[in-house]
Protein chains: 2
Amino acid sequence: MARAATTADAFNAVAEPRRREILDALAQGERPVGELVDLLGLAQPHVSRHLRVLREVGAVVVRDEGRQRVYRLNPQALKPIHDWVAGYRHLWEERFDLLDDVLADLKQEEH
Amino acid sequence: MARAATTADAFNAVAEPRRREILDALAQGERPVGELVDLLGLAQPHVSRHLRVLREVGAVVVRDEGRQRVYRLNPQALKPIHDWVAGYRHLWEERFDLLDDVLADLKQEEH
DNA sequence: CCAACGCATATCCATATGGGTATACAATGC
DNA sequence: GCATTGTATACCCATATGGATATGCGTTGG
């Protein structure tokens with residue numbers, strides 16, 4: 001079996017830096033494909049492909065506007081990622097907690 | 001150019017579900033390879049490869065203990081992911097903020 | 001010193017990625 | 001109706017993935 005498809009889930013879709021850039025751009029507001037092409041400096045077919053992946057994992061939604069296709073962010077699709085990493089947050093912040101403890105102890109000893 | 005290497009960064013490394021399982025297991029405490037093999041029900045070489053990827057992105061560190069190799073989680077490596085998704089959090093929670101606003105307005109009108 | 005154990009690495013395979021380029025298609029303007 | 005604009009899709013290619021299996025190698029035990 002090869003690597004999981006990029007469309008398998010948000011984790012895989014978002015592993016590609018360009019797709020994160022697209023999402024970052026859409027976080028500011030919806031945009032037609034052409035604008036994203038200019039913003040990212042990528043070939044139009046390439047941007048369309050990335051958008052397809054993002055659509056398939058539900059990270060964006062499209063709307064037809066004349067001959068343009070306006071893409072909008074659907075942030076909820078990123079929640080699973082947030083929920084997963086958030087579980088680790090206290091672990092990398094632990095060292096600060098420890099530092100706090102040490103400082104508290106030192107303060108205690110002063111008295 | 002093919003897809004970015006899984007070892008390119010934490011985003012790519014963590015896109016693989018099995019590797020997330022490994023991290024989840026290590027979040028409970030350090031473990032030798034054999035234990036992870038049992039926990040995940042994967043072939044040993046496969047687990048070793050996943051651990052290699054996780055090592056290369058700095059998500060885990062190894063320690064030699066006799067003929068065992070004990071792996072430990074290095075949560076800081078996940079921080080970039082957290083930092084990125086955290087920026088979107090307010091967007092999927094916006095609807096609750098809006099609800100809050102509505103409720104506040106209703107309360108106002110009561111008076 | 002040799003056997004067994006614990007892991008890492010090498011190899012083979014099927015798959016699909018992302019890039020590039022060409023092309024198809026729908027909507028608008030003349 | 002036809003040309004143009006805005007996007008999507010179809011191909012071709014190089015690459016490296018994850019699974020499976022075999023094997024290398026250091027450590028411990030008898």
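Please read these numbers as outputs of a predicted model, since none were measured by experiment. Throughout, protein chains are lettered first and strands after them, A, B, ... in sequence-line order, and every chain is numbered starting at 1.
Put simply, B:Arg52 has a side-chain N or O that comes within less than 4.0 Å of OP1 or OP2 on C:dT9. At C:dG6, none of the side-chain N or O atoms of B:Tyr71 fall inside 4.0 Å of OP1 or OP2 (strictly under the cut-off).
Protein atom CZ of A:Arg19 is 9 Å distant from nucleotide atom C1' of C:dG18, rounded to whole Å. As rounded to whole Å, 11 Å separates atom C1' of D:dT5 from atom CD of A:Gln44. Rounded to whole angstrom, the span from the CD atom of A:Glu65 across to the P atom of D:dA8 amounts to 14 Å. To the nearest angstrom, C1' of D:dG6 lies 18 Å from CZ of A:Arg49. Atom pair B:Arg67:CZ and C:dA3:P shows a separation of 15 Å (rounding to whole Å applied). Whole-Å rounding puts the A:Gln68 CD to C:dC25 C1' distance at 16 Å. C:dC7 atom P lies 10 Å from atom CG of B:Asp64, rounded to whole Å. Rounded to whole Å, the distance from CG on A:Asp38 to P on D:dT7 is 10 Å.
Using a 4.0 Å heavy-atom distance criterion, A:Pro32 is classed as a sugar-phosphate-only contact. Residue B:Thr6 is classed as a sugar-phosphate contact, given heavy-atom separations below 4.0 Å to backbone atoms only.
In terms of position along DNA chain D, the nucleotide closest to A:Val33 lies nearer the 5' end than the nucleotide closest to the other residue of the pair A:Arg3 and A:Val33. Comparing A:Asn12 and A:Gly66 along DNA chain C, the residue whose closest nucleotide (by nearest heavy atom) sits nearer the 5' end is A:Asn12. Toward the 5' end of DNA chain C, the nearer of the two residues B:Val62 and A:Ala43, judged by each one's closest nucleotide, is B:Val62.
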Any chance you could lay out the side chain to side chain donor-acceptor pair (under 3.5 Å) test for A:Arg18 and A:His50, step after step, and finish with the verdict? CA-CA 8 Å; A:Arg18 265 57 184 277; A:His50 281 318; 5.7 Å; no
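Contact of the A:Thr6 side chain with the B:Arg3 side chain is registered, since non-hydrogen atoms from C-beta on lie closer than 4.5 Å. Two residues are said to be in side-chain contact when any heavy atoms from C-beta on lie closer than 4.5 Å; A:Leu36 and A:Leu42 fail this criterion. Contact of the A:Val60 side chain with the A:Arg72 side chain is not registered, since no non-hydrogen atoms from C-beta on lie closer than 4.5 Å.
Here CG of A:Leu39 is found 6.5 Å from CD of A:Glu35. Values are rounded to the nearest 0.5 Å.
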